[in-house]
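Structure first, then comments.
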Amino acid sequence: MRTQVAIIGAGPAGLLLSHLLHLRGVESVVLERRSRAYVEQRVRAGVLEQGTVDTLVAAGVGGRMSREGLPHHGIELRYGGRGHRIAFEKLVPGRSITVYGQQEVVKDLIAARLDPGGDVRFEVDDVALHDIAADRPYVTFGGERLDCDVIAGCDGFHGVSRPSIPDGVLTEFRRDYPFAWLGVLARVKPSAEELIYARGERGFALHSMRSPEISRFYLQVPPDEDVAEWPDDRIWAELKARLETVPGFRLATGEIIEKAVTPMRSFVAEPMQYGRLFLAGDSAHIVPPTGAKGLNLAVADVRVLTAALAAFFADGSPELLDRYSAACLTRVWRAQHFSWWMTTLLHTFDSDDAYGGRLQTSYLDYVTSSEAAATTLAENYVGLPYEEGM
Ligand code: RFL
Ligand code: PHB
């Protein structure tokens with residue numbers, strides 16, 4: 001078997017890359033360890049930046065998102081007994097976010113890829129990468145061999161691509177946080193029209209949504225928390241305690257349909273390439289979800305990689321491919337900083353650290369009273385513009 005680009009992983013990065021390459025006339029095969037049903041149901045991100053939405057629409061896969069996605073023009077920061085709106089329409093005119101589940105993006109991309117006879121293989125075992133430093137790398141899986149010109153490692157933080165790079169090549173940067181998020185999906189009408197990021201002494205809580213009937217919540221919990229510690233009644237009681245902190249706000253409750261604990265960490269591997277292997281999305285970098293940047297960064301990487309691969313396969317020019325990592329890392333580090341900053345601002349770290357608590361309050365007061373500070377938050381949240389030509 002032979003293709004131009006072997007793509008490891010059918011998450012948003014791998015699927016979008018395959019689709020964008022197809023639109024540029026470049027062939028690929030996507031190899032995914034899990035089943036189609038599993039990847040289509042995996043509940044994850046929900047906030048799409050303006051640039052992500054524009055990318056999906058331009059690629060012809062934004063139809064359902066345009067109909068069902070929820071455009072949002074602001075978020076609320078709730079603390080100290082008050083809610084403060086960060087108004088995108090005023091601070092970053094013309095730019096907004098769309099709330100649309102990551103698994104819906106994945107479903108739309110799989111449908112688009114399989115429609116014109118694209119090659120996406122699910123439940124593929126034992127993927128291994130070979131000769132990645134040479135011009136003719138190949139991938140083996142389940143007793144088969146796929147020859148290719150380039151491998152795209154889109155297999156997430158726990159995939160095989162990044163560990164295939166020889167020791168000593170990558171520099172890894174990481175930060176772990178002393179808490180995790182308990183994510184909850186519930187069949188209940190959202191209690192607010194926009195997302196609420198709430199800071200308080202009991203810890204952080206986020207009220208998000210998926211549709212007019214489905215709400216999404218997150219609670220700061222201890223690291224390595226067992227989800228069994230959180231029966232439904234306890235979840236609702238804690239969400240109420242952390243969110244019903246402003247006059248008149250009542251949280252509607254309903255059936256909980258999913259709950260899971262996610263660790264919080266920041267990680268970057270540099271460079272994002274080695275020989276003929278290019279890492280994109282979570283395989284190269286992860287952020288804590290507070291800034292809602294992970295999926296959006298994966299899309300930004302894939303845009304850069306598509307342009308570089310299209311040039312390479314058009315006339316053999318390696319210049320853009322050689323610059324791939326450098327071209328991505330500026331945006332990656334901006335998102336790293338923003339996610340770390342949002343996380344630091346809103347979570348409870350050490351209840352004994354009264355000084356740290358005062359600093360958080362001071363910065364929240366600044367962000368909610370100064371237009372300059374609020375604009376910093378807003379322009380990062382809706383997503384900074386892509387680099388020219390990418
Ligand atoms: P993914 O989605 O992890 O996809 C990688 C795919 O590779 C497969 N795979 C393998 N396949 C073959 N062989 C192997 N050996 C393999 N190992 C792994 C996996 O099964 C999988 O299908 O990475 P990708 O494509 O880079 O996409 C990244 C995003 O998924 C991630 O950044 C976001 O979900 C992060 N994130 C958020 N991002 C946002 O932009 N906005 C948000 O609001 C947001 N909220 C979140 C989030 C992530 C969360 N969790 C659970 C980590 C909220 C949560 C709770
Ligand atoms: C979500 O809806 O899943 C979501 C929203 C905002 C975040 C993280 C996750 O910052």
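In each ligand, atom 1 is the first atom listed, and ligand 1 is the first ligand listed. Any value given below was found using the heavy atoms of this structure, including those in side chains, with hydrogens, waters and symmetry copies removed. This structure is a prediction, so every number in the text was calculated from the model and none was measured.
With E32, R44, K293 as candidates, the residue nearest to atom 48 (C) of ligand 1 on a non-hydrogen basis is R44. Atom 24 (P) of ligand 1 has its nearest heavy-atom neighbour, among P263, G159, A13, S283, in A13.
With sequence neighbours excluded, no residue forms a salt bridge (charged side-chain N to carboxylate O under 4.0 Å, His left out) with E379.
Within the 4.0 Å heavy-atom shell around ligand 2 one finds R44. Ligand 1 has at least one atom lying under 4.0 Å from a heavy atom of C154. In this structure, Y218 is part of the shell of residues with a heavy atom less than 4.0 angstrom from ligand 1.
Counting the atoms of ligand 1 from 1 in the order shown, those under 4.0 Å from a heavy atom of R42 are 19 (C), 20 (O), 21 (C), 22 (O). Atoms of ligand 2 lying under 4.0 Å from at least one heavy atom of P289, given by number and element, are 7 (C), 8 (C), 10 (O). Within ligand 2, the atoms closer than 4.0 Å to a non-hydrogen atom of Y197 are 6 (C), 7 (C), 10 (O), numbered from 1 in the order shown. Atoms of ligand 2 lying under 4.0 Å from any heavy atom of A292, numbered from 1 in the order shown and given with element: 7 (C), 10 (O). With ligand atoms numbered from 1 in the order given, ligand 1 contributes 3 (O), 5 (C), 23 (O) to contacts under 4.0 Å with heavy atoms of G156. Heavy-atom contacts of G46 reach the following atoms of ligand 2: 1 (C), 2 (O), 3 (O) (cutoff under 4.0 Å). Close approach of ligand 2 to L195 (heavy-atom distance below 4.0 Å) involves ligand atoms 5 (C), 6 (C).
By the criterion of a heavy-atom distance under 4.0 Å, the side chain of R210, and not its backbone, is placed next to ligand 2. Contacts between L206 and ligand 2 below 4.0 angstrom, taking non-hydrogen atoms only, involve the side chain exclusively.
Not a single N or O atom of V127, backbone or side chain, sits closer than 3.5 Å to an N or O atom of ligand 1. For ligand 1, the polar-atom distance check against L295 finds a nitrogen or oxygen pair separated by under 3.5 Å. Considering backbone and side-chain N/O atoms, Y381 never comes within less than 3.5 Å of an N/O atom of ligand 2. Of the N or O atoms in A292, one or more lie within a sub-3.5 Å distance of an N or O in ligand 1.
Distance from atom 5 (C) of ligand 2 to its nearest protein heavy atom, with residue and atom name: V47 CG2, 3.5 Å. Nearest protein heavy-atom contact of atom 3 (O) of ligand 2 is Y218 OH, 2.6 Å.
For the residue pair S28/S18, the side-chain donor-acceptor check at 3.5 Å is satisfied.
The CG atom of L219 sits 13.5 Å away from atom CZ of F179, with the distance rounded to the nearest 0.5 Å.
For residues 271-310, the set of pairs meeting the ring pair (Phe, Tyr, Trp, His ring centres under 6.0 Å) definition, not counting sequence neighbours, comprises F278-Y324.
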